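What follows is a set of notes on a single structure, which appears directly below.
Chain letters run A, B, ... following the sequence lines, proteins first and then strands; every chain starts at 1. On a predicted model such as this, the values are computed, not experimentally measured, just so you know.
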2 protein chains.
Amino acid sequence: MTVSRVLREPDKVSAKAREKVRAAIDKLGYVPDPAASALATGRTNVIGFIVPSVTNNVFSDVLSGVYKAAEGTEWQIQLGNSRYSPLEEERLVRTFLSQRPAGLILSGIDQSSETLALLKRASCRMVQIMETGPDPLDMMVGFSHLDAARAATRHLIEAGYVRPGFLAARLDPRTQRRLEGFRDVTRRAGCLSDERIVTTPKPSSVTLGGLLMADLLARAPETDAVLCNNDDLALGALFECQRRGIDVPQAMGICGFNDLEMMAAANPSISSVRTFRQEMGKTAMDMLIAALRNPDNPVETVDLGYQVMARGSTARQA
Amino acid sequence: MTVSRVLREPDKVSAKAREKVRAAIDKLGYVPDPAASALATGRTNVIGFIVPSVTNNVFSDVLSGVYKAAEGTEWQIQLGNSRYSPLEEERLVRTFLSQRPAGLILSGIDQSSETLALLKRASCRMVQIMETGPDPLDMMVGFSHLDAARAATRHLIEAGYVRPGFLAARLDPRTQRRLEGFRDVTRRAGCLSDERIVTTPKPSSVTLGGLLMADLLARAPETDAVLCNNDDLALGALFECQRRGIDVPQAMGICGFNDLEMMAAANPSISSVRTFRQEMGKTAMDMLIAALRNPDNPVETVDLGYQVMARGSTARQA
DNA sequence: TTGACAAATGTTAGCGCTAACATATGTTGA
DNA sequence: TCAACATATGTTAGCGCTAACATTTGTCAA
């Protein structure tokens with residue numbers, strides 16, 4: 001029992017006993033068994049983190065932020081990959097909950113009603129990340145994809161483009177909200193054309209960006225700018241324009257989304273909407289840890305915002 | 001006990017009892033407690049996977065392969081991020097081993113001697129991935145980075161380039177072996193120049209590729225080709241050449257490493273050494289599962305090879 | 001010095017499961 | 001029909017830890 005105290009509440013043990021125990025631990029190479037601890041306490045120090053994709057740069061940045069915040073703490077990350085499938089997400093939530101996690105980090109706010117029911121019955125703390133919205137399950141860290149897409153669209157219009165299009169792959173809920181933002185602003189500006197909205201359910205890639213751009217030009221050759229749902233597509237669109245001898249930014253403006261590192265390095269540099277992915281992961285984990293340490297902590301929703309990065313690919317000369 | 005059997009060895013229970021138990025499980029919503037099982041059996045169904053980086057595309061592809069192979073099995077992945085630090089890797093191995101994992105997947109073959117000592121004492125099965133080499137701890141899946149770099153260098157020379165350089169960031173052990181391959185082939189061909197080898201310990205990025213290219217051109221303006229240690233650097237190098245008006249592939253050949261999807265989509269398309277990252281993760285996990293199911297399985301070392309993808313960026317016209 | 005209380009340490013039982021063994025039930029051939 | 005065996009089910013104890021309580025030791029004021 002004193003050993004258990006030395007490891008978990010060293011202040012409650014006298015300095016003498018503490019040192020004796022520590023010396024014995026070192027000598028014997030004792031390592032506590034987390035399974036026994038979990039069984040006795042009914043909880044673990046595992047934080048489950050469910051992402052829809054492990055290859056998408058966006059989530060690897062978020063993951064890196066989560067790991068950063070977890071570093072040096074007693075909490076362990078358990079990563080789950082839902083592959084954009086609500087059913088798989090439900091299965092993962094079930095598995096994770098059976099392990100009595102200390103907390104959960106969930107991507108997005110569009111959990112299925114079954115998943116929501118499971119989560120509401122669960123006793124652990126949780127954070128929804130990637131976007132903000134009404135009715136948080138518990139805590140929330142993200143930004144408004146609708147507003148971000150609106151701001152990017154306004155940027156295109158302000159830069160002098162008058163027939164903007166939209167390219168998107170993988171129509172996940174956040175993509176759909178971005179498209180909504182694009183429609184919203186172009187409609188008000190009187191330059192919305194469904195012909196110039198090209199989407200596909202396929203997973204995003206640079207190659208696909210080129211294909212979508214080609215498709216867009218075939219369907220609506222008058223297009224003079226594209227808002228791409230992510231940076232891979234934007235880069236692919238740029239390459240496609242270059243192959244066709246279309247001048248970027250004069251004949252075609254290109255704006256990405258997320259502002260991956262490569263956007264600034266491209267030639268021309270590509271405008272994009274910067275999102276704070278690593279910060280999102282770090283903030284979520286920090287909030288979760290704070291809530292676990294102090295259950296009275298107020299439940300927060302944090303909006304990390306976004307930033308339109310205007311660069312060469314939309315710098316049209318009048 | 002019969003319940004436990006129904007869940008783990010259903011064949012040993014009569015069909016009648018089995019159905020009765022299953023009905024009760026459904027009715028009561030019973031979910032087994034993995035911690036109690038771990039305590040009773042002394043093992044878990046967790047497979048630890050330690051990667052040096054979660055943001056590097058290479059490892060997210062491998063991770064995706066590992067998840068693919070784990071899908072639908074009873075095994076859980078526990079991901080650890082060593083951030084290229086041998087000390088952190090040692091700490092992670094310690095933590096993972098304390099959880100009595102069923103297996104471990106380790107990146108690379110350069111574990112510290114302390115880590116190796118821990119691993120040799122451990123009783124679980126393990127796979128080293130990313131490269132092949134002598135003295136495997138147990139199983140191994142990878143390829144020869146030395147040979148791959150040699151082949152890429154030969155490709156540059158055969159394409160007609162005579163003063164090739166080498167760009168590398170983050171000098172991890174695999175990078176160093178690739179550099180070795182480059183030196184080896186250029187030395188034999190009589191075109192090795194240390195002036196044309198530009199490296200930095202900084203983490204790799206597209207921006208850095210541009211900076212390294214600029215550095216190389218300042219130090220060795222005669223350079224007519226670069227082998228880049230990875231595709232980010234290659235893309236950055238291409239952009240830098242375009243900004244300077246250097247013709248790729250006529251005045252400068254560029255070859256990357258890994259063959260990320262974007263390489264084929266670039267303009268010009270960029271030559272690269274294809275590596276089988278997702279297959280590597282999947283194979284490692286498949287081998288581990290097979291070894292866990294059948295401990296008599298022979299211990300294997302699998303070489304997945306590589307493939308030089310010759311594209312526009314090295315298609316010099318005579 | 002003593003009682004009253006706080007601080008430190010010790011004792012007990014049980015978390016939920018499963019290995020190992022014990023018992024019950026079924027099945028077969030003579 | 002019954003032994004002899006196979007198959008199915010049940011019993012027991014213990015995995016290593018910690019919550020809750022019990023006891024001991026230390027500290028302080030009267």
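Looking only at atom types and distance, the side chain of B:Ser98 has no donor-acceptor partner in the side chain of B:Arg94 under 3.5 Å away.
Other residues, nucleotides and ligands place no more than 12 heavy atoms under 6.0 Å from the CZ atom of B:Arg43.
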Problem - Test side-chain contact (heavy atoms from CB on, under 4.5 Å) applied to B:Leu106 and B:Gln111, step by step - result: CA-CA 9 Å; B:Leu106 303 156; B:Gln111 285 77 25; 3.7 Å; yes

Between protein and nucleotides 4-6 of chain D, what N or O pairs are separated by less than 3.5 Å?
none

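With A:Val62 as the partner, the side chain to side chain contact (heavy atoms under 4.5 Å, CB included) test is satisfied by one option alone out of A:Phe49, A:Tyr67, A:Phe276: A:Phe49. Exactly one of B:Glu131, B:Arg177, B:Arg178 qualifies for a side-chain hydrogen bond (donor to acceptor under 3.5 Å, both in side chains) with B:His145. That residue is B:Arg178.
By the 4.0 Å N-to-carboxylate-O rule, B:Asp286 lies close enough to B:Lys282 to be salt-bridged with it. Salt-bridge formation is not detected for the pair A:Arg83/A:Glu89: no Lys NZ or Arg NE/NH1/NH2 atom is positioned less than 4.0 Å from an Asp or Glu carboxylate oxygen.
Regarding A:Asp33, its CG atom lies at a distance of 14 Å from the C1' atom of C:dG16, rounded to whole Å. Put simply, NZ on B:Lys20 is 11 Å from C1' on D:dT9, counting in whole angstrom units. Nucleotide D:dC17 holds its C1' atom 13 Å from the CZ atom of B:Arg100, rounded to whole Å. Per the geometry, CG belonging to B:Asn45 stands 11 Å off P belonging to C:dT18, to the nearest Å. Per the geometry, NZ belonging to A:Lys12 stands 18 Å off C1' belonging to D:dT25, to the nearest Å.
Nearest-nucleotide positions on DNA chain D for B:Val13 and B:Ala40 put B:Val13 closer to the 5' end. Position along DNA chain D of the nearest nucleotide to B:Leu39 versus B:Met1 favours B:Met1 as the more 5'-ward residue.
Between B:Phe59 and B:Tyr84, the two ring planes are perpendicular [angle over 60°; tilted spans 30° to 60°].
Within the 4.0 Å cut-off from OP1 or OP2 of D:dT7, not a single side-chain nitrogen or oxygen of B:Ser14 is found. Residue A:Ser37 has a polar side-chain atom (N or O) positioned under 4.0 Å from OP1 or OP2 of D:dT18. One finds a side-chain N or O of B:Arg43 lying less than 4.0 angstrom from the OP1 or OP2 phosphate oxygen of C:dA19.
Using a 4.0 Å cutoff on non-hydrogen atoms, the parts of residues 2-11 of chain B near DNA chain D are B:Thr2, B:Arg5, ordered by number.
A distance of 12.5 Å separates CG of A:Leu63 from NZ of A:Lys68, quoted to the nearest 0.5 Å. To the nearest 0.5 angstrom, B:Leu118 atom CG is 11.5 Å from B:Leu92 atom CG.
Considering only heavy atoms from C-beta on, B:Ile77 comes within 4.5 Å of B:Met285 through its side chain. Contact annotation: the side chain of A:Thr132 never approaches that of A:Phe143 to less than 4.5 Å [non-hydrogen atoms, C-beta and beyond].
Overall bending of the helix from C:dT1-D:dA30 to C:dA30-D:dT1, expressed as the angle between end axes built from five pairs apiece, is 30° (10° steps).
Side-chain proximity of A:Pro32 to the nucleotides C:dG16, C:dC17, D:dC17 is greatest for D:dC17. Set against C:dG16, D:dC17, C:dT18, the side chain of B:Ala36 has C:dG16 as its closest nucleotide.
The residue A:Arg18 sits apart from the nucleic acid: no heavy atom pair falls under 4.0 Å. Nucleic acid contact for B:Ala17: sugar-phosphate only, since backbone atoms but no base atoms lie under 4.0 Å from a heavy atom of the residue.
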